[in-house]
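One structure is given here, and the rest of the page talks about it.
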Amino acid sequence: MTSCVPEDSAAHTRRVSFLFVSDHLALDFAATVAWRATHPKELLAEPEDFARWAVEAGVVDRLDPVTRDDLDQARALREAVYRLARAATAEEPPDPKDVTRIRRTAAHTPVRPALRDLGRVERRGGVPEVLATLAATASDLFGGPDHLLVRRCAGTPCTRLFIDRSRAGTRRWCDKRSCGSRINAAAYRRRSGRSEQV
């Protein structure tokens with residue numbers, strides 16, 4: 001899985017794995033640029049990266065070859081989703097152009113599941129269907145009550161956005177195992193340092 005912490009570029013392999021911890025497909029899609037505020041890392045660097053993300057995300061079982069233009073359209077939709085998610089956290093005002101892009105993309109035919117047998121369904125579609133599906137999930141998120149649950153990870157330098165479905169509404173991190181454990185460890189070290197000085 002991809003960590004929320006920037007990795008050494010020398011150790012980076014071309015084939016990254018994707019992390020799905022935002023509790024919403026549209027927000028996991030928005031997170032395909034990591035560490036936006038410090039060292040932006042494009043996880044959809046090549047057309048095949050988007051095809052692989054769509055499969056790993058469960059949107060389709062497989063995706064036919066993706067063109068560079070397809071990738072540009074996917075990235076444009078992703079950025080619209082990200083900006084609206086930021087707007088949902090009141091970090092920036094919503095841009096009507098982003099709303100329009102998402103609405104128009106969602107108007108196309110989405111990926112449709114086809115039942116093949118008990119416990120077996122196939123999800124097939126091309127890039128337009130995948131983008132329509134992503135835009136439709138974003139529409140449901142930003143047009144419904146869950147937009148009030150969008151939060152930004154408190155971990156630094158993580159910029160992932162997620163849905164806070166915790167009972168108390170106090171979830172702070174995108175993922176306890178990465179950002180959460182790192183922050184808790186740092187806090188423990190600070191406390192330990194102070195206790196040693198006493």
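The residues of the chain are indexed from 1 along the displayed sequence. Just so we're clear, the structure is a prediction, and the values are computed from it rather than from any experiment.
Using a 4.5 Å cut-off on side-chain heavy atoms (C-beta onward), Arg86 and Arg152 make contact. The shortest side-chain heavy-atom distance between Leu141 and Ile163 falls under the 4.5 Å cut-off. Side-chain contact between Leu44 and Phe18: present, with at least one pair of heavy atoms (C-beta onward) separated by less than 4.5 Å. Residues Val99 and Phe142 have side chains not in contact (no heavy-atom distance under 4.5 Å, counting atoms from C-beta outward). Within the 4.5 Å cutoff, no side-chain heavy atoms of Val55 are placed close to those of Asp61.
The residues Glu46 and Arg52 are annotated as not salt-bridged, no charged nitrogen and carboxylate oxygen being separated by less than 4.0 angstrom. Between Asp98 and Arg101 there is no salt bridge, since none of the side-chain N atoms of the basic residue sits less than 4.0 Å from a carboxylate O of the acidic one. A salt bridge links Asp28 and Arg160; the closest N-O separation between the charged side-chain nitrogens and carboxylate oxygens is under 4.0 Å.
Thr137 contributes no side-chain N or O that, together with a main-chain N or O of Leu25, makes up a donor-acceptor pair within less than 3.5 Å. The main-chain N or O of Val66 is never found under 3.5 Å from a side-chain atom of Asp70 such that the two would form a donor-acceptor pair.
Summarising the geometry, atom CG belonging to Leu134 is positioned 9.5 Å from atom OG1 belonging to Thr105; distances are rounded to the nearest 0.5 Å. Atom CG of Asp23 and atom OG of Ser166 lie 10.0 Å apart (nearest 0.5 Å). Atom CD in Glu122 sits 8.5 Å away from atom CZ in Arg62 (nearest 0.5 Å). If you take OG on Ser22 and CG on Asp164, they are separated by 12.0 Å, rounding to the nearest 0.5 Å. Atoms CG and CZ, from Asp95 and Arg83 in turn, are 6.5 Å apart once rounded to the nearest 0.5 Å. Separation of atoms NZ (Lys97) and CD1 (Ile102) is listed at 14.5 Å; rounding is to 0.5 Å.
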Salt bridge (charged side-chain N to carboxylate O under 4.0 Å, His left out) evaluation trace for Glu129 with Arg123: CA-CA 10 Å; Glu129 289 78 17; Arg123 293 178 175 83; over 6 Å; no
Intermediate values then yes/no, side-chain contact (heavy atoms from CB on, under 4.5 Å), Val127 and Leu63: CA-CA 7 Å; Val127 171; Leu63 191 58; 4.2 Å; yes
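Neither Val81 nor Phe162 shares a network with the other; the hydrophobic side chains, linked directly or stepwise wherever heavy atoms of I, L, V, M, F, W or Y lie under 4.5 Å apart, form separate groups for each. When the side chains of ILVMFWY residues are joined at heavy-atom separations under 4.5 Å, either directly or via intervening members, Leu77 and Val33 end up in two distinct hydrophobic clusters.
Using the six-membered ring where Trp is involved, Trp53 and Phe20 have ring planes that are tilted, between 30° and 60° apart.
A cation-pi arrangement, defined by a distance under 6.0 Å to the six-membered ring centre and an angle within 45 degrees of its axis, is absent between Arg78 and Phe50.
Here the closest heavy-atom approach between residue Gly155 and residue Trp173 is recorded as N-CD1, 3.9 Å.
Counting non-hydrogen atoms of neighbouring residues, nucleotides and ligands closer than 6.0 angstrom, the CZ atom of Arg171 exceeds 12 such neighbours.
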